[in-house]
Structure formats: structure tokens, C-alpha cells
Amino acid sequence: MPELPEVETTRNGIAPHIEQQRIEQVVVRDTRLRWPVPEDLAHLAQGRTVLAVTRRAKYLLLALDNGNLIIHLGMSGSLRITQTKQQPEKHDHIDIAFAGGKCLRFRDPRRFGCLLWSQQNPLMHPLLASLGPEPLDDCFSGEYLHLRAQGRSIPVKTFIMDQHIVVGVGNIYANEALFLTGLHPLVPAKTISREHFGQLIAAIKSVLSRAIAQGGTTLRDFVNEAGKPGYFQQALNVYGRSGQPCKRCGTTIRSLRMNQRASFFCPLCQNGG
DNA sequence: AGTGCGGCCTGTCCGC
DNA sequence: TGCGGACAGGCCGCAC
């Protein structure tokens with residue numbers, strides 16, 4: 001399930017293959033993603049050149065010389081660099097074929113992802129315009145989180161997964177960051193001190209950076225541009241480890257459900273706020 | 001305005 | 001061996 005490290009891994013992988021390359025053909029086999037793929041996508045993109053591949057939150061942004069593609073990988077999406085002549089497989093919904101035979105191939109079995117066109121600055125697109133700061137930016141600080149948490153009674157885990165507060169922190173890394181900080185996931189956001197938020201910020205930056213360095217986390221779906229999995233799952237302390245001993249103190253890791261999502265924590269290491 | 005939840009999807013796993 | 005149901009969850013959009 002692609003979170004920020006997996007999207008960044010994908011960006012790092014595809015950029016050198018497609019930047020400054022000319023799009024020869026676009027093939028859309030299934031338009032039924034989270035939002036319909038634009039009907040005129042081929043007309044818009046064919047013959048154009050990819051100028052740059054950037055990332056904002058979990059969105060990949062392909063700047064063409066006449067507009068922008070906005071891509072979200074959803075839950076099960078992946079982008080791979082293949083040869084155009086290579087036979088597409090089930091769930092390979094979109095091909096962007098380049099001069100020279102390389103192809104950017106979008107696969108998404110569950111179709112929670114999207115591919116949209118933005119004529120103007122994609123950062124102004126309604127989906128992106130009101131997003132919170134990037135977690136690895138310097139402006140994302142304990143002071144900022146503390147300010148935003150004033151009057152918020154929601155659990156801290158829900159708080160840091162809110163894309164309007166900070167982007168890119170999904171379920172896996174929220175669980176891991178809270179473990180590293182010693183915060184129970186249900187602690188109300190407004191009760192956490194600025195100092196404790198400072199530690200939480202450091203944990204978020206640390207876990208995201210290390211996950212990027214490891215090529216992301218692969219639980220079932222995620223593969224990089226070459227079809228290879230990430231390795232950070234080996235470093236997970238709590239996610240998916242319900243019933244297993246805490247790597248720090250040996251206490252049995254427990255889980256609970258909040259907002260229809262699994263939360264994992266060590267009852268001893270994460271004893272409150 | 002803040003909060004919580006339904007819905008979108010398919011593959012995998014589990015119990016019968 | 002087949003089948004139904006639970007589960008996985010990012011995130012919009014809606015209801016309260």
C-alpha cells in the first residue's frame with residue numbers, strides 16, 4: 001500500500017527513464033479508476049515531452065510541455081518501466097509509451113488510484129490545493145503540530161494521518177512513529193505537549209527517511225519501477241505484529257481498530273501521553 | 001467546524 | 001475442493 005516512501009521510491013525509479021523523453025502513444029485499457037481517466041488523454045499527451053517528475057504528498061506529478069499528469073497509486077497501484085512490446089497483464093490499465101520502446105505502465109488491481117489531467121499548476125488542483133506540509137520539510141515542526149492540535153480531541157493517530165495536517169503519513173508509518181515516540185494511538189491530540197510533538201516529528205521524519213532508503217515497505221502489492229519489492233517491512237516494530245513480542249521490551253504487541261483501520265502498539269512502551 | 005463513517009474495489013485468507 | 005465472508009485501507013463526500 002503506497003505511502004510517501006513508496007511513492008518517492010517510484011518517483012526515483014521512473015524519473016531517469018522518462019524525463020526529457022517524448023511520448024509516442026498512450027493506451028487506456030480501463031478508464032474506471034477512482035475518478036475516470038480523461039477521455040482525451042491520448043489526444044492531450046501523445047507527441048508531448050515529459051519535462052520533470054515530481055511528488056507532492058502521495059501524488060506523482062508528470063510535467064509535460066503542455067500540461068500535467070497527476071497520478072495517485074491508491075491502495076494497490078504501481079508504476080513500472082517496461083518495454084512497450086511486452087504483453088500487458090491483467091490490471092495493467094494504462095500505458096504511456098515513449099520513443100525508443102520504453103513504456104510507463106500503470107497497474108492497479110483495486111482501482112483506488114487515479115490519473116488526472118491538470119492544464120494549470122497541479123498544486124492548485126482541488127485535490128492538492130489544501131494539503132498540509134510535507135513531513136520532510138523543515139517547516140514541519142513540533143511547534144506546528146502543537147499549534148494545529150489545539151482544541152482537537154481526535155486520537156493522535158487519526159490526527160497525523162489527516163492529509164490536511166501533514167501529508168504522506170499512512171497507516172504503517174503512523175503506527176511506527178507512535179511506537180518510536182512512546183505515544184498510545186488513542187491519546188487525544190490536544191493533550192500532547194510541544195516537546196512530545198517534537199519527538200513525534202523526529203520519529204516521523206526518521207521512519208519515512210529510513211523507509212525511502214530501503215526502497216519502501218512491501219506487504220503484498222507494492223513493487224518499484226523494476227517490479228522489485230521494498231525492504232523496510234523487516235524493520236517494522238509494531239505494524240502487523242499483533243501477538244508477537246515487542247522488539248524493545250518483550251511485551252506482546254496488541255491491536256485495536258479505529259476508523260476501520262488496524263492500529264498496533266506495545267501496551268508497555270506506549271502507555272499514554 | 002470538527003468528527004465519524006460509508007463507499008469504492010479486488011485478491012487473499014480463513015472456516016465450514 | 002468450493003464457497004461465502006472478513007479483511008486490507010486512502011481518501012472523498014456526506015451526515016450529524
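Quick caveat: nothing in here was measured; it's all calculated off a predicted structure. A note on names: the letters A, B, ... follow the listed sequences, proteins ahead of strands, and every chain is numbered from 1.
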For A/Asn171, the option from A/Glu176, A/Lys157, A/Arg261 that meets side-chain hydrogen bond (donor to acceptor under 3.5 Å, both in side chains): A/Lys157

- prompt: When you check the gap from the basic side-chain N to the acidic O, do A/Arg29 and A/Asp95 get nearer than 4.0 Å?
  reply: yes

- prompt: Could you state the CG-P distance from A/Asp108 to C/dG10, rounded to the nearest angstrom?
  reply: 14 Å

statement: To the nearest angstrom, the CZ-P distance between A/Arg32 and B/dC9 comes to 8 Å

- line: From CG of A/Leu73 across to C1' of C/dA8 the rounded distance in Å is 17 Å

message: In whole Å, I'd like the distance from the CE atom of A/Met258 to the P atom of C/dG9.
response: 13 Å

message: Using every non-hydrogen atom in the two residues, find where A/His184 and A/Leu256 come nearest and quote the distance to one decimal.
response: CE1-CD2, 4.0 Å

task: Answer with yes or no whether the side chains of A/Asp108 and A/Ser76 bring together a donor and an acceptor at under 3.5 Å.
output: yes

A/Thr158 vs A/Phe112, nearer the 5' end of DNA chain B by closest nucleotide: A/Thr158

- prompt: In this structure, which one of A/Leu104, A/Ile14, A/Thr82 forms a side-chain contact (heavy atoms from CB on, under 4.5 Å) with A/Glu225?
  reply: A/Ile14

- prompt: To the nearest angstrom, how far is A/Arg111 atom CZ from B/dC9 atom P?
  reply: 6 Å

- prompt: Angle class for the A/Tyr173/A/Phe232 ring planes (parallel below 30°, perpendicular above 60°, tilted otherwise)?
  reply: tilted

Heavy-atom pair of closest approach, residues A/Pro135 and A/Leu208: CG-CD1, 3.5 Å

message: For nucleotides 11-16 of chain C, give me one character per nucleotide, 5' to 3': B if any protein heavy atom sits under 4.0 Å from the base, S if the only such contacts are to the sugar-phosphate, - if neither.
response: BS----

task: Please list every stem that involves DNA chain C, where a stem is a run of 3 or more consecutive Watson-Crick or G-U wobble pairs with both pairing distances under 3.5 Å.
output: B:2-16 with C:2-16

task: Give a yes or no answer on whether the side chain of A/Gln21 reaches the backbone of A/Thr49 with a donor-acceptor pair at less than 3.5 Å.
output: no

statement: In whole angstroms, the gap separating P of B/dG11 from CE of A/Met75 amounts to 14 Å

message: Let's see if you get this right: which residues in residues 145-156 of chain A place a heavy atom under 4.0 Å from DNA chain C?
response: none

query: What orientation do A/Tyr239 and A/Phe264 show, parallel under 30°, tilted 30 to 60°, or perpendicular over 60°?
result: perpendicular

Charged N-O contact under 4.0 Å between A/Arg194 and A/Glu143: yes

statement: Rounded to whole Å, CZ of A/Arg56 lies from P of C/dG10 at a distance of 18 Å

message: What I want to find out is whether A/Glu8 reaches A/Arg55 closely enough, with some N-O distance under 4.0 Å, to be called a salt bridge.
response: yes

Nucleotide B/dG6, atom P - distance to CZ of A/Arg257 in whole Å: 12 Å

message: Under 4.0 Å, counting only non-hydrogen atoms across every strand here, what does A/Lys90 touch: a base, just sugar-phosphate, or nothing?
response: sugar-phosphate

